[in-house]
Amino acid sequence: MKELARAYNPQETENKIYKLWEKSGFFNPDVLVKKSIIKKTAKPFSIVLPPPNVTGTLHMGHAAMLAIEDILIRYHRMRGERTLWIPGTDHASIATESKVEQILIKKEDTTRHELGREEFLKRVHAFAKESHDGIMHQVKKMGASLDWSREAYTLDEDRALAVQTAFAKMYTEGLIYRGDRIVNWDPKMQTTVSDDEIEWKEQQTPFYYLKYGPFTIGSARPETKFGDKYVVMHPKDKRYTQYKQGEQIELDWIGGRITATIIKDTSIDMDFGTGVMTITPWHDKTDFDIALRHNLDTEQIIDQKGKLLSVAGEFAGIHIKKVRPLLARKLDAMGLLEKVDENYTNRIATNSRGGGVIEPQIMRQWFIDVEKEFPFPHAGLPGVEKGQSTTLKKLMLHVVKTKQIEILPKRFEKTYFHWIENLRDWCISRQIWFGHQIPVWYKDKEIKVGATSPTGEGWEQDPDTLDTWFSSGLWTFSTLGWPKKTKDLQTYHPTSVLETGYDILFFWVARMILMSTYLVGEIPFRTVYLHGLVRDEQGRKMSKSIGNVIDPLTMIEKYGADATRLSLIIGAAPGNDLKLSEDRVRGYRNFANKLWNIARFVQMSTQDFARESPLQSEGDSLAKLSKEDTKILSDFTKIKKEVTKLIEEYRLAKAAETLYHYTWHIFADKVLEDSKKVLEDTKTKSSRQYILLLVLGDLLLLLHPFTPFVTEEIYQQLLLTDNKDPLMVQKWPI
RNA sequence: GGGCAGCUAGCUCAACGGUAGAGCAUCGCGUUUACAUCGCGAGGGUUACAGGUUCGAAUCCUGUGCUGCCCACCA
């Protein structure tokens, strides 16, 4: 046994230790079974890593995610469970594509359309590969004990098979359909975006009051109003009782004399403006719904590039961004402009992935129908019989309402229910190139679904790709081999915990529940643990533009991975945002060093102690313990029990804090200080030596999930006997 | 407009019905053979505000005020 260095040096330790773990093969539960470290029949515990996007680098949110999941994984592994944690990355179609497009413009002054689909995709794949390697390197730096032999990618071959199978199944069932519906169109990126990817921004715009026959209508966007020929009011509005549903009136409008039709609809807010509005169904969701209810004509006003069509007469071909002042002048000259309110706050929909202003359009797209009734195809999901009629929406509600899935913290269950209740059909087709191309083939009026072209000439595959969340939705089971009936799928699904940020509860968590219940007939996971956002010390979001980003890799280099992990765990209750500062990380670096020096002290004070195995239970030495030492031991036993209970309850912050406090302020400050005297008395010496070794050994075990590197290093240098496995797979001491 | 969370020592948070705690920061003292990435000690809070329930309330109830977040088709 060599002497420990004066201070703990994470930089020298961490890479070495991670390599040791990897070499052992113990991240893979199969190896643990083979080497009889765990029983084949042991209870499975599984987590699938939320796949980081291959768009860039790891941020503190990822680091927090890795820390939490690794703690759970290491804890359950030490409890002897058959523990699996699967790594992977997400191709993140739209985010990655837009990133590469930006690089192309900046570096080569070219666009994807100029390059062509094939060449562009080559570039994206190369970028994704590089990005992947960087990210996975960072994941390892955090100490994550992932089973690398099972690594997955949302765009690899196995996952493609899962996507195609899922699509085909849902299409056959009629849960996926193609239709002309109003979608969120991003004219800048030339693609649709889902409702959830929209970010609303407030903007001060002029608000125009226009004369529409006998009515006054208000609009913040007069440039959409060219084709308006329906005027809508509430059926109960007393001001307009003389107008009847379907009544036609003649009036002067932008392009000349038109015939307008009166529509009565309860969606109108009588208190807003004049209580009357005209509708533009092609470019507004509300208007589209009204048109649908009353079976009205729809007409496109704006093309997909954002330019006005011929209906705009003299304004045709002008981009909507430029047309407003020109139009306002004309309306004024025609006497149609009654008033302009200059300080109106309008909400603009933008694409959160690329920043383009959304222009709703009616387009032919692919959708998942969340309301359609179908017979449930599986047996074994509690509360839903095989063959029972249900909908995707009902399934999503059912499994959470019946507590088959538990969401932590609980308050997010309400948010989840509310979201589902408002859920509309999910538009899954995107006009981008990077992603799973829709497995549908067309020839004249024929349509076929499948991964490869049907036999015969003239088949064309749908050029669109699927929303990235379609493949992410399959993640818990596609990573385990579905649609093949693999051993892994049988053993590890449903997964135990899904740990992710509360900001993607809807995007992702809800969609996994949808896909898993329908396709596998199982819940995807039992517990959803939602962590908060990592913010700067003033509580601001970390962002490049503010320049307040704390990089996990920098923190690891300066203070070590263990310190970085603790700084992200302590003080972070589920669902609550965490304020992080470099000072915090520094503080926990000190803790790692403290632990190191505790080990040094114990080492120095016990060199003459005839040691059996301190990691074994108290055993027969118990009888010889002094009164003080018995007390130390019983206090420590309480800590062990408490920490175990806290981890089981997912109160990791409290568990880590309890250990931190015990280690430093009880064990070091009280027990060790006291030992300086106790060890000088030959009557009390050996009892105390025994206790020091015992508590240190167990403390290393308890702390290992939280600070894996320093605990493993101490164990390796101090306590490991030749034929023993690393601390990582030693038994939890309770 | 609807909903959710928070408001406790300078800062970050814990106590969730029984005399208000920790870490960091501050100040004083100390040690240099476990650790200065250290030890001992001190100061510092009518727990946002106003009512109520209770023998007793940060803790339960009602209301108010801020702060933050989410949802929503006000043209």
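Every chain is numbered from 1, with letters handed out A, B, ... down the list of sequences.
On the P atoms, B:rU26 is 36 Å away from B:rC70, given to the nearest whole Å. The same atom, C1', is picked in B:rG18 and in B:rA50; the two are 24 Å apart, to the nearest Å. Taking the C1' atom of each, B:rG44 and B:rA9 are spaced 6 Å apart, rounded to whole Å. Rounded to whole Å, the C1' atom of B:rG45 lies 14 Å from the corresponding atom of B:rA15. Comparing B:rG43 with B:rA34, their C1' atoms are spaced 31 Å from each other, to the whole Å. Distance noted for atom C1' between B:rC40 and B:rG6: 37 Å (whole Å). Atom C1' of B:rU59 sits at a distance of 13 Å from the matching atom of B:rA14, rounded to the whole Å. Across B:rC11 and B:rC7, the matching P atoms stand 14 Å from one another, rounded to whole Å.
Applying the 90° cutoff around 0 to the glycosidic angle, B:rA5 is assigned anti.
A:S581 and A:D583 are not linked by any side-chain donor-acceptor pair at a separation below 3.5 angstrom, with hydrogens and angles left out of the test. Between the side chains of A:Y208 and A:D332, no donor-acceptor pair is found at a separation under 3.5 Å. In this structure, a donor-acceptor pair under 3.5 Å is absent between the side chains of A:T261 and A:E247. Judged purely by distance below 3.5 Å, without hydrogens or angles, the side chains of A:T278 and A:K225 pair a donor atom with an acceptor atom. No side-chain N or O of A:T13 forms a donor-acceptor pair with one of A:E713 less than 3.5 Å apart.
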Kindly give the atom pairs (protein nitrogen or oxygen, nucleotide nitrogen or oxygen) under 3.5 Å for nucleotides 73-75 of chain B.
{"unit_1": "B:rC73", "atom_1": "O4'", "unit_2": "A:T286", "atom_2": "OG1", "d": "3.2"}
{"unit_1": "B:rC73", "atom_1": "O2'", "unit_2": "A:T286", "atom_2": "OG1", "d": "2.7"}
{"unit_1": "B:rC74", "atom_1": "O2", "unit_2": "A:D269", "atom_2": "OD2", "d": "2.5"}
{"unit_1": "B:rA75", "atom_1": "OP1", "unit_2": "A:Y344", "atom_2": "OH", "d": "3.4"}
{"unit_1": "B:rA75", "atom_1": "OP2", "unit_2": "A:Y344", "atom_2": "OH", "d": "2.4"}
{"unit_1": "B:rA75", "atom_1": "O5'", "unit_2": "A:Y344", "atom_2": "OH", "d": "3.2"}
{"unit_1": "B:rA75", "atom_1": "N6", "unit_2": "A:D269", "atom_2": "O", "d": "2.9"}
{"unit_1": "B:rA75", "atom_1": "N6", "unit_2": "A:F272", "atom_2": "O", "d": "3.0"}
{"unit_1": "B:rA75", "atom_1": "N1", "unit_2": "A:D269", "atom_2": "N", "d": "3.3"}

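Going from atom CZ of A:F506 over to atom C1' of B:rC69 covers 11 Å, rounded to whole Å. We find that CD1 of A:I407 is positioned 14 Å from C1' of B:rC4, with the value rounded to whole Å. Distance A:E582 CD to B:rU37 C1': 14 Å, rounded to the nearest Å. Atom pair A:Q607:CD and B:rA34:P shows a separation of 12 Å (rounding to whole Å applied).
Taking the six-membered ring for Trp and thresholds of 30 and 60 degrees, A:W469 and A:F507 have nearly parallel ring planes, at less than 30 degrees apart. Ring-plane geometry between A:Y8 and A:W596 is classed as tilted, the angle between the planes lying from 30 to 60 degrees on a 0 to 90 degree scale.
Ion pair A:E338/A:K211 not flagged as a salt bridge, since none of the NZ, NE, NH1 or NH2 atoms sits closer than 4.0 Å to an Asp/Glu carboxylate oxygen. Look at A:D635 and A:K670 and you find no salt bridge, because none of the NZ, NE, NH1 or NH2 atoms lies under 4.0 Å from a carboxylate O.
The side chain of A:A7 lies closest to B:rU37 when the candidates are B:rU37, B:rC35, B:rA15.
If you check every strand for non-hydrogen atoms under 4.0 Å, A:A653 touches nothing. Contact annotation for A:R411: backbone-only contact, meaning every heavy-atom pair under 4.0 Å involves sugar-phosphate atoms and none involves a base. As judged by a 4.0 angstrom heavy-atom cut-off over every strand, A:E537 is placed among residues making no nucleic acid contact. Across all strands shown, A:K410 has no heavy atoms under 4.0 Å from either base or sugar-phosphate atoms. Contacts of A:R6 with the nucleic acid, taken as non-hydrogen atoms under 4.0 Å apart, involve only primed sugar atoms and P, OP1 or OP2.
Near RNA chain B, meaning a heavy atom under 4.0 Å from it, residues 561-570 of chain A has no residue at all.
Between A:W664 and A:G587, it is A:G587 whose nearest contact on RNA chain B lies nearer the 5' terminus.
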Where do A:F667 and A:F636 land on the ring pair (Phe, Tyr, Trp, His ring centres under 6.0 Å) test, with the steps shown first?
CA-CA 9 Å; A:F667 192 53; A:F636 181 54; 7.4 Å; no
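Across all strands shown, B:rC4 forms a Watson-Crick or G-U wobble pair, both distances under 3.5 Å, with B:rG68. Using N1 to N3 plus N6-O4 or O6-N4 for Watson-Crick, or N1-O2 and O6-N3 for G-U wobble, each under 3.5 Å, B:rA57 pairs with nothing.
Not a single donor-acceptor contact under 3.5 angstrom links the side-chain atoms of A:K414 to the base of B:rC4.
Separation of the A:F315 and A:F226 ring centroids falls under the 6.0 Å cut-off.
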